[in-house]
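This report concerns only the one structure given below.
Only a predicted model underlies this, so the values are computations on that prediction, with no experimental measurement involved. When a ligand or atom number is given, it counts from 1 through the structure's own listing order.
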Amino acid sequence: MTFDATRLANAATAALRAYDPGHDLPALRLRFGAQIAELGSNENVLGPSPLALAAMQRALADIHRYPDPRGAALKAALARTHGVGVEHIVLGNGSHELLMMLAQCFADAAHSVVFSQYGFAVFPIATAAAGAQPICVPALPRTHALAPFGHDLAAIAAAVRVDTRIVYLANPNNPTGTWFGDAELTEFLSRVPREVLVVVDEAYNEFVDAPGLSSALTLRAQNPNLIVSRTFSKAYALAGARVGYFIADASVVAVLERMRESFNVNTLALAGAEAALGDIRHLEKVRAFNSSERAWLIAELAQRGLTCLPSQTNFVLVDLGRDTAVLERQLFERGVIVRPMGGYGLAQTLRISIGSRAENAQLLAALDAADGY
Ligand SMILES: *Cc1c(COP(=O)(O)O)cnc(C)c1O
């Protein structure tokens with residue numbers, strides 16, 4: 001008999017599939033060289049603060065040591081930035097790790113977990129990995145004026161059951177780019193029992209410039225069940241270093257600390273994130289570039305008859321109104337990598353990250369050259 005561990009996997013793992021990384025980017029970089037426009041992963045093309053890079057260089061001197069298992073210096077910097085005590089912060093190897101850990105710590109087969117259709121892809125995976133029951137709430141309709149395909153907070157609140165332990169929200173959301181305001185979240189929280197943990201994933205918060213949306217952090221004091229997720233992967237441009245964090249009630253943090261691997265955030269990531277947080281001018285530069293470049297790209301796409309959903313992020317979701325596979329292939333042949341959305345059930349859309357002006361221009365040129373668009 002041949003050995004096959006597949007059938008030995010536990011029930012939760014049996015229901016999972018391995019992450020599909022999509023394009024093989026290292027191979028594509030070899031093929032296209034400098035001609036590649038990587039617009040598929042919402043990375044920040046301006047790169048991290050030079051202060052972060054310098055701090056990471058210095059931290060290399062201690063790379064033979066284990067990292068600080070408490071992440072004390074980074075937590076202290078985050079505590080100052082957000083005006084909270086360090087006991088409200090838990091650090092993750094990317095926020096992805098914490099989103100997974102949350103379900104593992106708080107939900108199992110006896111519980112349900114609620115999230116939106118077209119919400120962040122990690123939410124159903126975290127639910128399945130914990131063996132919990134998923135409740136996927138239909139998104140707002142495509143014709144919705146403010147948030148097409150966005151979170152329907154009233155329907156999400158109504159979907160919460162007595163066995164619900166967690167609600168995952170993303171604001172702004174990936175892949176739609178849509179958002180809800182502080183007032184809507186306040187209303188939502190008033191409808192959800194305190195025994196339900198409400199996660200607001202704010203991975204793109206630093207890019208927000210819309211009136212009426214600040215951060216769920218402003219509502220945390222009145223809502224101990226509220227958990228705010230942030231990351232250094234997007235505006236801080238440290239995606240490769242892997243650092244994210246939750247700000248939550250101290251009791252939530254204490255439970256997560258039981259499951260957290262002691263050295264989950266590495267030495268370079270700790271040093272880089274702390275220094276990045278201190279460089280407000282770089283963050284302002286990133287924010288200003290993203291706002292103006294996003295507006296420019298949306299206008300250029302509109303001139304070509306292509307409609308973007310409203311976005312408060314560093315990407316746009318283009319609604320083609322028909323299957324995008326052929327166009328995606330044509331862009332690909334010109335070295336323009338975008339994110340196809342078939343896996344999300346949005347096969348008529350393409351998610352395009354805001355790149356450098358040269359990359360965005362390459363995208364537009366490739367669109368102009370594409371047959372039938
Ligand atoms: C990119 C992204 C993250 C970041 O994940 P990390 O693990 O911190 O890199 C989290 N949530 C959403 C919605 C994202 O799009």
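- Within the 4.0 Å heavy-atom cutoff, D201 counts among the residues contacting ligand 1.
- The shortest non-hydrogen separation linking Q330 to A370 is OE1-CA, 3.4 Å.
- Looking at K234, E202, R230, it is K234 that brings a heavy atom closest to atom 3 (C) of ligand 1.
- Below 4.0 Å from some heavy atom of A203 lie the following atoms of ligand 1, by number and element: 2 (C), 3 (C), 10 (C), 11 (N), 12 (C), 14 (C).
- Residue contact check: F120 has heavy atoms under 4.0 Å from atoms 2 (C), 3 (C), 10 (C), 11 (N), 12 (C), 13 (C), 14 (C), 15 (O) of ligand 1.
- In this model, a donor atom of one side chain and an acceptor atom of the other lie less than 3.5 Å apart for Q312 and D209.
- With salt bridges taken as basic N to acidic carboxylate O contacts below 4.0 Å, one links E333 and R31.
- Residue contacts with ligand 1: G244 is excluded, as none of its non-hydrogen atoms falls under 4.0 Å.
- Considering F115, F106, F123 as possible partners of Y168, the one that fulfils the ring-ring contact (aromatic ring centres under 6.0 Å, His included) test is F123.
- Interface atoms of ligand 1 facing R242, defined by a heavy-atom separation under 4.0 Å, are 6 (P), 7 (O), 9 (O).
- Given atom 4 (C) of ligand 1, the protein heavy atom at minimum distance is S95 OG, 3.4 Å.
- For the residue pair D319 / T307, no side-chain donor-acceptor distance below 3.5 Å is found, with atom types taken as modelled.
- Interface atoms of ligand 1 facing N174, defined by a heavy-atom separation under 4.0 Å, are 13 (C), 14 (C), 15 (O).
- Taking a cutoff of 4.0 Å between a charged side-chain nitrogen and a carboxylate oxygen, E284 and R281 do not qualify as a salt bridge.
- Scanning the protein for heavy atoms near atom 9 (O) of ligand 1, the closest one is S233 OG, 2.6 Å.
- Every atom of ligand 1 with a heavy atom of Y204 under 4.0 Å away is listed here by number and element: 1 (C), 14 (C), 15 (O).
- N173 and Y204 are not linked by any side-chain donor-acceptor pair at a separation below 3.5 angstrom, with hydrogens and angles left out of the test.
- Residues R161 and Q133 bring a donor and an acceptor atom of their side chains to less than 3.5 Å of each other.
- The residue E97 has no part lying near ligand 1, judged by heavy-atom distances below 4.0 Å.
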